[in-house]
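Heads up, the thing below is written out as structure tokens.
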Amino acid sequence: GYILSGHSLGHYITALARHYRATGDERFKERLDYIIDELALVQEAHGDGYFGAIPDGRELFDEISRGELRPRGFQLNDANVPWYNFDKMYNGLKDAYLLAGNDKAYDVMVKFTDWTYEIIKDLTEEEWQTMLSVEFGGMPHSLADIYAITGDPKHLELAEKFYHNDVLDPLSERRDELSGLHANTQI
């Protein structure tokens with residue numbers, strides 16, 4: 001079956017941050033702070049900035065970092081839309097920091113972004129484009145926002161790497177070749 005692991009937590013963090021911002025209700029801030037504290041503990045246990053709910057996620061990203069890419073529909077190396085999942089977590093962390101004032105969320109976000117940069121910095125352009133044939137959510141947007149927050153040039157570099165030639169090149173030439181594509185990533 002199709003299992004989409006991990007993205008719901010990112011959505012939940014965003015919901016908590018937005019609700020706290022809108023209402024000031026401390027119960028939602030307490031839940032949010034607890035989740036961020038737990039994510040920080042998971043990151044600390046991994047020792048390199050990684051955390052994730054994707055089954056066999058460490059092995060998956062070790063393969064990706066070596067350029068071993070097996071895209072198939074919405075799966076990358078047998079994992080369902082891993083970058084989409086991370087996009088949702090990046091958004092949640094960003095919202096926890098910006099909307100709910102959780103400074104630890106900033107630290108977790110930066111470590112997670114730096115981990116992502118390190119594991120995919122050596123991919124070739126061909127490997128990047130192969131990887132981008134699987135839905136990657138709003139990774140360019142999320143990472144550009146993170147760059148705007150941190151000012152770290154490698155975060156902008158990472159955002160720019162998520163440029164999908166097959167979609168964006170025709171658009172830059174004013175050709176609409178979007179029919180049949182999954183709008184979640186393309187829009």
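Source: prediction; values computed, not measured.
- Scanning for side-chain contact (heavy atoms from CB on, under 4.5 Å) contacts around Arg70 gives Glu63, Asn77, Asp78, with sequence neighbours left out.
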Next item on the list: Take Ile35 and Tyr12, measure what side chain to side chain contact (heavy atoms under 4.5 Å, CB included) needs, and give me the verdict at the end.
Entry: CA-CA 10 Å; Ile35 292 168; Tyr12 185 60; 3.6 Å; yes

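- The two residues Ala96 and Ile13 come nearest to each other via the heavy atoms CB-CG2, 3.9 Å.
- The line from OG1 of Thr113 to NZ of Lys94 is 10.5 Å long, rounded to the nearest 0.5 Å.
- Under the ring pair (Phe, Tyr, Trp, His ring centres under 6.0 Å) criterion, the residue pairs touching residues 51-72 are Phe51-Phe112, Phe61-Trp83, Phe61-Phe86, Phe61-Trp115, with sequence neighbours excluded.
- Scanning both residues, Leu60 and Leu76, for their nearest heavy atoms gives CD1-O, 3.4 Å.
- The backbone N or O of Tyr163 lies less than 3.5 Å from a partner atom in the side chain of Gln129, making a donor-acceptor pair.
- Between the side chain of Glu135 and the main chain of Val81, no donor-acceptor pair closer than 3.5 Å is present.
- In this structure Glu177 satisfies the side-chain contact (heavy atoms from CB on, under 4.5 Å) test together with Pro170, Arg175, sequence neighbours excluded.
- Looking at Asp48 and Arg58, a side-chain N of the basic residue comes within less than 4.0 Å of a carboxylate O on the acidic one, giving a salt bridge.
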Note to self: Walk me through whether Asp95 and Leu16 qualify under side chain to side chain contact (heavy atoms under 4.5 Å, CB included).
What the structure shows: CA-CA 9 Å; Asp95 291 341; Leu16 290 171; over 6 Å; no

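- Within a 6.0 Å sphere centred on CD of Glu44, other residues, nucleotides and ligands contribute 12 heavy atoms or fewer.
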Item checked: Stepwise side chain to side chain contact (heavy atoms under 4.5 Å, CB included) test for Trp128 and Ile120 -> CA-CA 9 Å; Trp128 267 98; Ile120 55 181; 3.3 Å; yes

Next item on the list: I would like to know whether Asp122 and Arg66 meet salt bridge (charged side-chain N to carboxylate O under 4.0 Å, His left out); could you show each step before the answer?
Entry: CA-CA 8 Å; Asp122 294 326; Arg66 294 189 302 267; over 6 Å; no

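- The closest side-chain donor-acceptor pair between Thr150 and His155 falls under 3.5 angstrom.
- Side-chain contact, Glu157 with Tyr117: a donor N or O sits under 3.5 Å from an acceptor N or O.
- When the side chains of ILVMFWY residues are joined at heavy-atom separations under 4.5 Å, either directly or via intervening members, Tyr34 and Met109 end up in a single hydrophobic cluster.
- Using cut-offs of 30° and 60° for the angle between ring planes, the Phe162 and Phe136 rings count as tilted.
- The shortest heavy-atom contact between Leu123 and Ser65 is CD2-O, 4.2 Å.
- Shown here are the ring-ring contact (aromatic ring centres under 6.0 Å, His included) partners of His11, two or more places apart in sequence or in another chain: His7.
- Shortest non-hydrogen contact noted between Ala79 and Pro82 is O-CD, 3.7 Å.
- Follow the hydrophobic side-chain contacts under 4.5 Å out from Ile146 and you never reach Leu99; the two are in separate clusters.
- Summarising the local packing, CD of Glu126 is surrounded by 12 or fewer heavy atoms from other residues, nucleotides or ligands at distances under 6.0 Å.
- By the 6.0 Å and 45° rule, Arg31 stacks over the aromatic ring of Phe28.
- Here the straight-line distance linking atom NZ of Lys161 with atom CG of Leu132 works out to 11.0 Å at 0.5 Å rounding.
- Hydrophobic clustering, with ILVMFWY side chains joined whenever heavy atoms are under 4.5 angstrom apart, keeps Val110 apart from Leu156.
- Distance CG/Leu69 to OG1/Thr130: 6.0 Å, rounded to 0.5 Å.
- Note: Lys154 NZ to Asp114 CG = 4.0 Å, rounded to the nearest 0.5 Å.
- The minimum heavy-atom distance between Val134 and Gly73, with the atom names listed, is CG2-O, 3.9 Å.
- No path of Ile, Leu, Val, Met, Phe, Trp and Tyr side chains, each step under 4.5 Å between heavy atoms, connects Leu39 with Leu41, placing them in separate hydrophobic clusters.
- Residues passing the side-chain contact (heavy atoms from CB on, under 4.5 Å) test with Ser142 are Asp87, Tyr90, Asn91, sequence neighbours excluded.
- Residues Tyr147 and Asp152 come closest through the heavy atom pair CD1-O, 3.1 Å.
- In the displayed structure, Lys111 atom NZ is contacted under 6.0 Å by at most 12 heavy atoms of other residues, nucleotides or ligands.
- Side-chain atoms of Lys29 come within 3.5 Å of backbone atoms of Ala100 as a donor-acceptor pair (strictly under, hydrogens ignored).
- Under the side-chain hydrogen bond (donor to acceptor under 3.5 Å, both in side chains) criterion, the residue pairs touching residues 15-24 are Tyr20-Glu26, with sequence neighbours excluded.
- With hydrogens and angles disregarded, a donor-acceptor distance shorter than 3.5 Å links the side chain of Asn102 to the backbone of Ala105.
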